[in-house]
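In what follows, every chain begins at residue 1, and chains take the letters A, B, ... in the order their sequences are listed.
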There are 2 protein chains.
Amino acid sequence: MAAEKETATEQRILDAARSVFLRKGMMGTRMQEVADEAGINKALLHYYFRDKQRLFEEVFCVCGKHGMQGVWEELTHDRPLFGNIRAFVAAFHTAIEREPLFPHFLLSELQRDPQHLLKLVDLGKGAREHFFGQVMEAQQRGEIIPIDPRQLMVNIMAWCQFPHVAAPIIKHVGGMDQKTFKQFLNERSTLVAELIIRSIRA
Amino acid sequence: MAAEKETATEQRILDAARSVFLRKGMMGTRMQEVADEAGINKALLHYYFRDKQRLFEEVFCVCGKHGMQGVWEELTHDRPLFGNIRAFVAAFHTAIEREPLFPHFLLSELQRDPQHLLKLVDLGKGAREHFFGQVMEAQQRGEIIPIDPRQLMVNIMAWCQFPHVAAPIIKHVGGMDQKTFKQFLNERSTLVAELIIRSIRA
DNA sequence: GTCTATATGTAGATAGAC
DNA sequence: GTCTATCTACATATAGAC
């Protein structure tokens with residue numbers, strides 16, 4: 001059926017576009033390369049998505065929502081603070097496993113066009129506010145040291161994201177192949193939460 | 001004198017190129033924009049630096065060496081481990097103050113052409129090995145918990161670099177203007193070292 | 001050394017056949 | 001819906017005058 005084929009092609013384009021955009025960024029991506037990877041030609045790209053910008057935004061929105069959905073949520077549960085931190089870090093790790101290049105991509109595009117990114121970031125607003133509240137409470141109960149909740153948030157995000165952003169450097173410096181590096185990241189998924197907690201526990 | 005004028009122009013080009021390359025990356029940079037910012041025209045760019053690639057590499061090498069020089073060194077001193085960590089974090093903070101966009105730039109270009117970057121990274125090889133040795137010793141003396149030194153190194157780098165890479169997000173989420181953000185970073189310059197130490201102290 | 005003008009290549013986008 | 005061929009715009013790079 002025509003409808004099925006249409007959808008199939010559109011999907012192939014989106015997959016190819018995601019792959020190339022994530023690796024090369026908006027400016028580095030050539031429509032020809034997307035077409036090649038999708039197994040079609042350039043004209044068809046413009047038939048489905050009017051121009052490069054729209055294709056980019058399509059990929060970006062889908063990818064962004066898909067990426068962090070369910071991760072921020074982990075911070076909003078009615079669990080003790082430390083439990084929420086552990087769950088968040090674990091969920092982050094799982095989410096990034098599905099799309100390892102996304103952190104790098106997101107930060108690369110951040111300089112070029114901050115607007116889109118910041119909209120995406122707002123999705124986690126409620127979760128962060130809940131988290132900040134929990135941190136303040138834990139502080140007042142004397143469970144953790146006095147600390148600006150924003151600093152703590154940055155610390156958590158940094159440890160979760162940075163290893164993926166700097167992956168090639170880490171592999172090079174540590175002399176790791178892909179398999180060893182994956183293991184290194186797996187170790188981190190529990191290590192990070194425990195060290196974060198050690199760093200703030202009163 | 002001709003020699004002086006020549007040098008001045010070359011310097012103006014390099015300054016302009018650094019500014020644009022750091023903000024837009026290799027692919028996003030237009031030679032026209034570099035020329036405009038240097039107050040000359042495109043042809044002169046090619047007169048001084050044969051092509052875009054060479055101009056880029058010139059900027060990149062100078063900027064890279066200038067950027068991290070003296071920072072890695074802090075890890076090699078004959079101080080206790082914790083002292084080295086504190087000094088390293090502080091030096092890192094100072095270095096990045098001089099070139100705030102460099103972390104973002106470096107990580108953006110990492111995907112496009114890993115080769116140049118990895119050469120730059122090797123400059124810190126000796127320092128890292130010394131640091132790894134110190135970590136092992138501290139572990140054997142029971143001063144710190146058992147931890148893969150590479151994980152610790154990644155943790156330190158992550159906390160130092162990530163805030164600059166994600167600066168626009170942090171400002172947006174935290175509702176900070178430039179001044180407030182700078183203050184936020186200043187707080188980190190001591191906070192980071194102390195929390196790193198807390199996270200591993202036995 | 002610095003400029004204007006131009007050549008060359010390539011990327012994004014469209015027209016039109018099938 | 002998919003293709004080939006083409007247009008247009010622009011970026012890098014060069015030629016040549018001053």
Tell me which donor-acceptor pairs under 3.5 Å the side chains of residues 54-67 of chain A have, and how far apart each pair is, sequence neighbours excluded?
| unit_1 | atom_1 | unit_2 | atom_2 | d |
| --- | --- | --- | --- | --- |
| A:Glu57 | OE2 | A:Gln53 | NE2 | 2.7 |
| A:Glu57 | OE2 | A:His116 | NE2 | 3.4 |

- prompt: Within the structure, does a side-chain N or O atom of B:Thr9 lie under 4.0 Å from either OP1 or OP2 of C:dG1?
  reply: no

message: Would you say A:Tyr48 places a side-chain N or O within less than 4.0 Å of OP1 or OP2 belonging to D:dG1?
response: yes

statement: Ordered by number, residues from residues 36-46 of chain A within less than 4.0 Å of DNA chain D (heavy atoms) are A:Ile40, A:Asn41, A:Ala43, A:Leu44

Mind calculating the distance between [atom1] ([X]) and [atom2] ([N]) to the nearest angstrom?
{"X": "B:Ile13", "N": "C:dT2", "atom1": "CD1", "atom2": "C1'", "value": "11 Å"}
{"X": "B:Arg30", "N": "D:dA13", "atom1": "CZ", "atom2": "C1'", "value": "14 Å"}
{"X": "B:Gln32", "N": "D:dA9", "atom1": "CD", "atom2": "C1'", "value": "15 Å"}
{"X": "B:Phe49", "N": "C:dG1", "atom1": "CZ", "atom2": "C1'", "value": "14 Å"}
{"X": "A:Lys52", "N": "C:dG12", "atom1": "NZ", "atom2": "P", "value": "4 Å"}
{"X": "B:Glu33", "N": "D:dT12", "atom1": "CD", "atom2": "P", "value": "10 Å"}
{"X": "B:Leu55", "N": "D:dA11", "atom1": "CG", "atom2": "P", "value": "16 Å"}
{"X": "B:Asp51", "N": "D:dA11", "atom1": "CG", "atom2": "C1'", "value": "13 Å"}

Report yes if some heavy atom in the side chain of [X] is under 4.5 Å from a heavy atom in the side chain of [Y]; otherwise report no.
{"X": "A:Thr190", "Y": "A:His93", "answer": "no"}
{"X": "A:Glu99", "Y": "A:Phe105", "answer": "no"}
{"X": "B:Val89", "Y": "B:Trp159", "answer": "no"}

query: Which pair of heavy atoms, one from A:Leu75 and one from A:Ala127, lies closest together, and at what distance?
result: CB-O, 4.1 Å

More than 12 heavy atoms of other groups within 6.0 Å of [X] [atom1]:
{"X": "B:Glu73", "atom1": "CD", "result": "no"}
{"X": "B:Asp177", "atom1": "CG", "result": "yes"}
{"X": "B:Arg79", "atom1": "CZ", "result": "yes"}

task: Tell me, with the steps shown, if A:Phe131 and A:Trp72 meet ring-ring contact (aromatic ring centres under 6.0 Å, His included).
output: CA-CA 10 Å; A:Phe131 174 75; A:Trp72 287 116; 9.0 Å; no

field: Bend angle of the helix from C:dG1-D:dC18 to C:dC18-D:dG1, end axes from five pairs each (to 10°)
entry: 10°

